[in-house]
Amino acid sequence: MFGLVDGNNFYVSCERVFQPRLDGRPVVVLSNNDGNVVSRSAEAKQLGIAMGAPFFEVRELLRHHQGHALSSNYPLYGDMSRRVMARLADHVPAVEVYSIDEAFLDLAGLTTWCGPLDARAQELRRDVLACTSIPTCVGIGPTKTLAKVANRLAKKYPELQGLLSLTTESRRERALRALPAADVWGIGRQYAQLLQGSGIRTAWELAGVSEAWARKHLGGVVGWRLVQELRGQPCQGLLPSEDGTLGRKSISCSRSFGQRLHHVEELWGAVSTYLSRAAEKLRAQGDQAHLVTVFLSQDRYDTRIRPPYTRSATLTLPGGPTADTLRLLAYGRRLLEKLYEPGRVYVKAGVVLDGLEPPSSGQQLDLFAPPDLLTEPVSVERSARLMQQLDALNRRFGRGAVRLASTVSLAGQPPPWQGKSNYRSPAFTTRLEDLLLVT
DNA sequence: TCTGGGGTCCTAGGACCC
DNA sequence: TCTGGGGTCCTAGGACCC
C-alpha cells in the first residue's frame with residue numbers, strides 16, 4: 001500500500017507560519033521575477049485566481065480584496081520541506097521525496113487492519129501540523145496512481161478531513177467515478193483534450209480503455225502503465241530517498257531577465273552566474289557532469305517572433321566529466337559565443353548540466369584533445385581543492401561571498417540581468433539576521 | 001508596461017561498435 | 001542476387017509532473 005502526503009497550498013502555508021497577518025486573507029506566492037502565481041491560499045482560489053495566472057492580471061483583484069502577493073522565498077520553502085519530510089520518516093518504513101511539498105510513503109506492514117491504517121494517517125497529519133504548522137492531505141491506495149487519486153479527492157472534499165484511503169474495490173470504483181479523467185496523474189493538457197474528444201470523461205472510464213488504445217494514444221508504455229495503475233496493478237515501486245534529498249540526473253539553472261539584453265557581455269554575466277550556481281548544486285550532490293548545455297530565448301509573447309525563438313547548444317566535455325566551475329565556464333563561454341547573434345533581443349537564458357556521475361578514481365583523458373592546463377591530472381586535484389574551499393567560504397559567509405569576476409556587475413549597479421523580487425519575505429529559518437524576534 | 005523554473009521519462013533515427 | 005543481430009551513445013523532440 002502507498003500513501004501520498006502533500007502540503008496544502010505549500011508556499012502560502014510556509015509564509016503563514018511566520019506571518020499570521022496572512023491568515024484568513026487571499027494570499028498568493030509569485031514565481032521568479034514576480035511573473036506568475038504559483039501558490040494560492042483557499043481565499044485566493046475562491047476569488048477565481050488561477051494557478052499560473054500572470055501577476056499583472058490579478059494584481060487589482062487582489063488589492064481590492066485586501067490580499068497579499070509575495071515573491072517566492074525558496075530558502076524558506078526548502079527548509080520547511082526538510083522539516084516536514086523528517087517528520088514523515090518517523091512514521092513509516094520508507095519515504096520517497098517526490099517534490100518540495102509531496103512524498104510517497106511505504107505503508108507495507110501497516111496495512112493489516114483497514115481502520116487503524118486511517119487512524120495512523122490522521123496521527124501523522126496531526127504530528128506534521130504540530131511540529132511544522134504545515135497542513136497536509138493524505139491519499140492511500142494500492143498503487144502510486146491510486147494514492148494520487150485519493151489525495152486529490154481528499155483535497156477536493158473537506159468533509160473527508162484530509163484523508164482518503166482506497167483500500168477496497170468498492171472505494172476504488174467510487175473514487176474513480178468521482179474524478180474527472182483530466183485530473184489523473186499523468187494526464188496533461190494534450191491528453192485531456194484527446195480523452196474528451198474520445199468521450200472518456202471520468203477516471204473510471206479511463207481505467208476501462210484497452211491496452212492497444214492506451215499504447216496508441218497515451219504515449220506508448222507510459223499510458224498503458226497509467227491505466228494498469230488505475231486498475232490497481234502496481235507498475236512503479238517506491239524509490240526511497242536517502243537523507244531526504246533527491247539525487248538528480250540533470251541540474252539546471254535558468255532565469256528570465258529583469259530587462260531585455262542585447263550584448264554578449266551582459267548575456268555572459270547571466271550565463272556565468274547560472275553556470276556557477278548549477279556547478280555548486282552539482283558539487284553539493286557529489287557528482288560531475290559530462291554535458292553542458294546553454295540556451296538563449298527571445299520573448300515568447302512577442303507575436304512578431306513566430307515560432308518562438310530559443311536556441312541551445314550542447315557540448316560533451318572533451319576533457320571528461322568535471323564539477324569545476326572554472327572549466328565549466330570556459331566551455332560555457334564557447335557555447336554562448338556559438339549561440340549569440342547580434343541584433344536579437346534576449347529575455348531569458350539558462351544552463352543544463354547532464355550526464356551526471358560520481359567522480360571516478362582515474363580520470364579519462366582525451367588522447368587527441370589539445371593540451372589543456374585544466375585537465376592535467378595535477379590540475380584536477382588542485383581544482384577539486386579550490387572548489388572545496390570556494391564552497392566552504394560560501395557556506396560560511398553566504399552564497400556569492402566568493403565568486404567569479406564575470407558574474408559581478410559594475411560597482412554599485414544591480415546586474416542588468418537580475419529579475420524582480422519586490423515582495424520577498426525574510427529567510428526566517430535559514431539566515432541568522434532574519435530570525436523572527438518576539439518581543 | 002508586466003507572462004516561471006526545475007525536473008522526469010519515452011521515442012526515434014543515425015552513427016558507430018563488435 | 002544474396003547482404004545479421006545486438007548493443008551503446010548522441011541528439012532532438014514531445015509529453016508529463018510540481
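Protein chains get the first letters and strands the later ones, always in sequence-line order, with residue 1 at the start of each. Just the heavy atoms: all of them, side chains too, but no hydrogens, waters or symmetry mates, feed the values below.
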Bounds of contact between DNA chain C and chain A, in 5' to 3' order, using a heavy-atom cut-off under 4.0 Å:
C/dT11 to C/dC18
Taking A/Ala192's backbone N and O only, do any of them form a donor-acceptor pair with A/Gln196's side chain (distance below 3.5 Å, no angle check)?
no
Dot-bracket, DNA chain B: Watson-Crick or G-U, under 3.5 angstrom, [ ] crossing, | other strand?
....||||||||||||||
Under 6.0 Å between ring centres, would you say that holds for A/Trp185 and A/Phe104?
yes
Is it true that the NZ or CZ of A/Lys348 lies under 6.0 Å from the centre of A/Phe257's six-membered ring and within 45 degrees of the ring axis?
no
Over all strands shown, is A/Asp101 touching base, sugar-phosphate only, or nothing at heavy-atom distances under 4.0 angstrom?
sugar-phosphate
Name the residue closer to the 5' end of DNA chain B, choosing between A/Ser252 and A/Arg59 according to the nucleotide with the nearest heavy atom.
A/Arg59
Whole-angstrom distance between B/dC16 and C/dG4, as gauged at atom C1':
16 Å
Under-4.0 Å salt bridge between A/Glu211 and A/Arg225:
no
Base, sugar-phosphate alone, or nothing: which one does A/Val347 contact when heavy atoms must sit under 4.0 Å apart?
nothing
Over all strands shown, is A/Phe10 touching base, sugar-phosphate only, or nothing at heavy-atom distances under 4.0 angstrom?
nothing
Check: A/Asp34/A/Ser71 side-chain N/O donor and acceptor closer than 3.5 Å
yes
Just call it for A/Arg260: base, sugar-phosphate, or nothing, with non-hydrogen atoms closer than 4.0 Å on any strand.
sugar-phosphate
If you measure only the distance, is there a donor-acceptor pair under 3.5 Å linking the side chains of A/His290 and A/Asp354?
no
Categorize A/Glu57 for me: base, sugar-phosphate, or nothing, with a 4.0 angstrom heavy-atom threshold over every strand shown.
nothing
Looking at A/Phe55, I'd like to know if the NZ or CZ of A/Arg59 sits under 6.0 Å from its six-membered ring centre while staying within 45 degrees of the ring's axis.
yes
Within 45° of the six-membered ring axis of A/Trp417 and under 6.0 Å from that ring's centre, is NZ or CZ of A/Arg255 located there?
no
Using heavy atoms to find the nearest nucleotide of DNA chain B for A/Arg225 and A/Ile251 separately, return the residue whose nucleotide is more 5′.
A/Ile251
Counting any heavy atom closer than 4.0 Å, what does A/Asn33 reach on the DNA or RNA strands: base, sugar-phosphate only, or nothing?
nothing
What's A/Leu291 touching, base or sugar-phosphate or nothing? Going by heavy atoms closer than 4.0 Å.
sugar-phosphate
How is A/Ile100 classified with respect to the nucleic acid when contacts are heavy atoms under 4.0 Å: base, sugar-phosphate, or nothing?
nothing
If we count only N and O atoms by modelled type, under 3.5 Å, do the side chains of A/Arg311 and A/Ser297 hold a donor and an acceptor together?
no
